[in-house]
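As structure tokens, the structure follows; a few thoughts come after it.
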Amino acid sequence: MSRIQFPHVLYWLMIIGGGLSFTVPTFKEYGIIYTVILTFLCGLFSLAFAILLHKREYICISALLLLSPYLLLLVKYLTPI
């Protein structure tokens with residue numbers, strides 16, 4: 001059984017934390033601001049860990065996390081319902 005490496009665990013915790021930040025807009029009035037800031041920071045730091053680990057798949061996931069709050073804003077505020 002292989003040993004779990006600390007950077008991999010930290011990377012996935014950042015990805016999960018960034019994904020969970022999308023629950024903030026439903027609980028707070030100005031939650032979208034917290035979502036953008038928290039997701040951007042989690043995406044930025046997870047991107048740094050992905051580059052450190054030299055994993056192309058991790059870099060792509062981190063880039064998607066980095067861009068996801070802006071895509072949410074684009075879809076939420078520019079599409080008529």
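Counting from 1, the numbers follow the sequence of the chain as shown.
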Locate the shortest heavy-atom distance separating [X] from [Y]; write the atom from each residue and the value.
| X | Y | value |
| --- | --- | --- |
| Leu38 | Ser21 | CD2-CB, 3.4 Å |
| Phe22 | Pro69 | CZ-N, 4.0 Å |
| Leu65 | Gly18 | CD1-C, 3.9 Å |

With ring centroids as reference points, do Trp12 and Phe49 lie under 6.0 angstrom apart?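 Aromatic pair excluded; centres sit 6.0 Å or further apart.
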Is it possible for you to say whether [X] and [Y] belong to one hydrophobic cluster, with membership spreading through side-chain heavy-atom contacts below 4.5 Å?
| X | Y | result |
| --- | --- | --- |
| Met14 | Phe6 | yes |
| Ile16 | Phe40 | no |
| Leu10 | Phe45 | yes |
| Ile37 | Tyr77 | yes |

Can you tell me how far the CG atom of Leu71 sits from the CG atom of Leu66, to the nearest 0.5 Å?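 Rounded to the nearest 0.5 Å, the CG-CG separation comes out at 10.5 Å.
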What distance separates Leu13 CG from Ser46 OG, expressed to the nearest 0.5 Å?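 OG of Ser46 is found 11.5 Å from CG of Leu13.
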For atom OH of Tyr70, decide whether the heavy atoms of other residues, nucleotides or ligands shown that lie under 6.0 angstrom number more than 12.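 Atom OH in Tyr70 is crowded, with more than 12 foreign heavy atoms closer than 6.0 Å.
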Counting N and O atoms only, with roles assigned by atom type, does the side chain of Thr39 sit under 3.5 Å from a partner on the main chain of Val36, one being a donor and the other an acceptor?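 A pair under 3.5 Å: no.
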Quick one: does any side-chain atom of Tyr58 pair with a main-chain N or O of Leu53 as donor and acceptor, under 3.5 Å?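 Checked: no pair found.
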Evaluate the side chain to side chain contact (heavy atoms under 4.5 Å, CB included) criterion for residues Cys42 and Ile15: first the C-alpha distance (whole Å), next the side-chain angles of each, then the deciding distance (0.1 Å), finally the verdict. CA-CA 7 Å; Cys42 285; Ile15 293 294; over 6 Å; no
Beyond-backbone contact of Tyr11 with Ile61, side-chain heavy atoms, under 4.5 angstrom: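 Side chain of Tyr11 against side chain of Ile61, heavy atoms only: contact under 4.5 Å found.
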